[in-house]
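Note sheet for the following structure.
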Amino acid sequence: MRLLFFFLLGLLFLSSCKSLQYRLPDEAIYSAFAKADIPTSISYVEIDSLDLKVRVQSVTQGLEDYNLVFLHGSPSSLTAWQAYLKDSTLRHTVKLHAIDRPGYGYSNFGKQMTSIDTQTKVISEVINQLNLKNVIAIGTSYGGPVAARLPIENDHIKAVVMVSPAIDPDNEKRVWQSDFTQWWLTRWLVPTGYRVAGDEKTVHAQELAAIEKDWSQVNVPVMHIHGDRDELVPFINVAYSQSVFSNVEVVPISGLGHEIAWARPELVIPYLLEMIKKLKQTQ
């Protein structure tokens, strides 16, 4: 039975190693956007100190001088934000940039970077190298705390929008499936994107605890959107945001779970436009 178990796991690995990586190559993205008649560009920002190249997709038709930077969860890639980059209202209003976080997509795929602080520094450097000003950082799940930490690193961040963020260290839910990414006997069977996600998840609570003293330094508007039926990142995370951010707006979404950012963009986009409007009024 044990041999059969590992044989079946091997078959699962062979069939899923490509389909479960949650990433699209550049040519597939260009093709999809060309069919939609939307100009887009893909660039690779080099972080020499880390021997890292970060992939960024941009849609820069917007007339307003604001840049929205999207950070995905795990496992995922910048393709999670395709509906946002294609949205007519968003792309004609502001400039849009989706980023493959380190270890995912085509940003050193498979090479995990479990430090939230280091990831934030990487994204900040990407923003600087692309010369982005008036940035609204948007992050979901694991990308949420990275987005929230960006204002501490970079003065060009003017607001943060977190969607279902895993930000409370005391309510970081253990995912037993992550154990398969840590056991030497099963790690090789797990698709690469899931291995990176498992490495992040295993130390996520302690990483959040290590930076929580810094949240008082975030002095830009923060919006926290969260489904009240989120089973992966509990809704109680909103209470944490309310306790650590001095300027936070909580948006509860009734009846939905963790899928809001990628499955229900029509619910999120109006709040992004609302944040842009608020920033314009304060200038």
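Numbers for residues simply follow the sequence, beginning at 1.
V222 and L279 fall into different hydrophobic clusters, defined by Ile, Leu, Val, Met, Phe, Trp and Tyr side-chain heavy atoms under 4.5 Å apart, directly or through other members. Note on M162 and I127: same hydrophobic cluster, where clusters join Ile, Leu, Val, Met, Phe, Trp and Tyr whose side-chain heavy atoms are under 4.5 Å apart, directly or indirectly. In this structure, V69 is a member of the same hydrophobic cluster as I157, with clusters built from ILVMFWY side-chain heavy atoms closer than 4.5 Å. Placement of Y142 and V122 within a single hydrophobic cluster is found when ILVMFWY residues are connected by side-chain heavy-atom separations under 4.5 Å, directly or transitively. Tracing side-chain contacts under 4.5 Å through hydrophobic residues (I, L, V, M, F, W, Y), one never reaches V59 starting from L130; they form parts of separate clusters.
Side-chain atoms of T40 come within 3.5 Å of backbone N or O of S58 as a donor-acceptor pair. Using modelled atom types, no side-chain atom of K95 and backbone atom of H92 make a donor-acceptor pair closer than 3.5 Å. For the pair N237 (side chain) and A166 (backbone), a donor-acceptor distance under 3.5 Å is absent. The backbone N or O of A261 sits less than 3.5 Å from a side-chain atom of Y84, completing a donor-acceptor pair. The closest donor-acceptor contact from the side chain of T120 to the backbone of I116 lies under 3.5 Å. Of the possible donor and acceptor atoms, none in the side chain of D100 sits under 3.5 Å from a partner among the backbone N and O of S77. Side chain of Y30 to main chain of I42: a donor-acceptor pair is present (N/O by atom type, distance under 3.5 Å, no hydrogens or angles). One N or O on the side chain of T140 and one on the backbone of V163 form a donor-acceptor pair closer than 3.5 Å.
When only modelled atom types and interatomic distance are considered, T114 and E207 share no side-chain donor-acceptor pair under 3.5 Å. E200 and Y104 form a side-chain donor-acceptor contact under 3.5 Å, judged by distance and modelled atom types alone. Checked by atom type, the side-chain pair E212/Y240 shows a donor-acceptor distance below 3.5 Å. Between the side chains of E46 and Q129, not a single donor N or O lies within less than 3.5 Å of an accepting N or O.
One distance of note links OG of S107 with OH of Y44; it measures 7.5 Å at 0.5 Å rounding. In this structure, D87 CG and L272 CG are separated by 9.0 Å, a value rounded to the nearest 0.5 Å. Rounding to the nearest 0.5 Å places CG of L232 at 4.5 Å from NE2 of H258. Taking OG of S76 as the start and CZ of R23 as the end, the distance is 12.5 Å to the nearest 0.5 Å. Between the CG atom in N154 and the CD1 atom in I123 there is a gap of 11.0 Å [rounded to 0.5 Å]. To the nearest 0.5 Å, atoms CD (Q119) and CG (L150) are separated by 10.5 Å.
Ion pairing of K278 with E274 is present here, as a side-chain N (NZ or NE/NH1/NH2) and a carboxylate O approach within less than 4.0 Å. A salt bridge does not link D65 to K133: none of the charged nitrogens lies less than 4.0 Å from a carboxylate oxygen. A salt bridge does not link E259 with R264: every distance from a Lys NZ or Arg NE/NH1/NH2 to an Asp or Glu carboxylate oxygen is 4.0 Å or more.
Using cut-offs of 30° and 60° for the angle between ring planes, the H224 and H226 rings count as tilted.
Within the 4.5 Å cutoff, the side chain of F70 has heavy atoms near those of the L85 side chain. Residues V244 and V218 are not in side-chain contact: their nearest non-hydrogen atoms beyond the backbone lie 4.5 Å or more apart. Taking 4.5 Å as the limit, every side-chain heavy atom of T79 sits out of range of all side-chain heavy atoms of H72. The shortest side-chain heavy-atom distance between F245 and I167 falls under the 4.5 Å cut-off. Residues L208 and D168 have side chains not in contact (no heavy-atom distance under 4.5 Å, counting atoms from C-beta outward). V45 has its side chain out of reach of E125: every pair of non-hydrogen atoms, C-beta onward, lies at least 4.5 Å apart. Within the 4.5 Å cutoff, side-chain heavy atoms of L267 are placed close to those of L256. Residues P102 and N108 have side chains not in contact (no heavy-atom distance under 4.5 Å, counting atoms from C-beta outward).
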Query raised in the report: Under the side chain to side chain contact (heavy atoms under 4.5 Å, CB included) criterion, do Q82 and Q57 qualify, and how do the steps go?
Result: CA-CA 10 Å; Q82 299 295 280; Q57 181 189 359; 2.9 Å; yes
**Report entry** Audit row: R101, S74, side chain to side chain contact (heavy atoms under 4.5 Å, CB included) steps and yes/no
**Finding:** CA-CA 9 Å; R101 288 196 296 106; S74 55; 3.6 Å; yes
Query raised in the report: Does the side chain to side chain contact (heavy atoms under 4.5 Å, CB included) test come out yes or no for Q61 and I38, once each step is laid out?
Result: CA-CA 9 Å; Q61 295 173 290; I38 300 173; 4.1 Å; yes
Report task. Would you please test H97 and V126 for side chain to side chain contact (heavy atoms under 4.5 Å, CB included) and show each step? Result -> CA-CA 11 Å; H97 313 270; V126 170; over 6 Å; no
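For K213, the NZ atom sits in a packed shell: over 12 heavy atoms of surrounding residues, nucleotides or ligands are nearer than 6.0 Å. More than 12 heavy atoms of other residues, nucleotides or ligands shown are found within 6.0 angstrom of CG on N247. The environment of OH in Y271 is sparse: at most 12 heavy-atom neighbours from other residues, nucleotides or ligands sit within 6.0 Å.
The two atoms that bring A205 and P169 nearest to each other are O-CB, 3.5 Å, heavy atoms only. For the residue pair S141 and P145, the shortest heavy atom distance occurs at O-CD, 3.3 Å. Minimum interatomic distance between G144 and P165 (heavy atoms only, all atoms of both residues): CA-CB, 3.9 Å. Residues P265 and P270 approach most closely at O-CD, 4.5 Å, considering heavy atoms.
Checked against I136 for a side chain to side chain contact (heavy atoms under 4.5 Å, CB included), the options V220, V160, N67, V161 give a single hit: V161.
Relative to the ring axis of F33, K86 places its NZ or CZ within 45° and under 6.0 Å from the centre.
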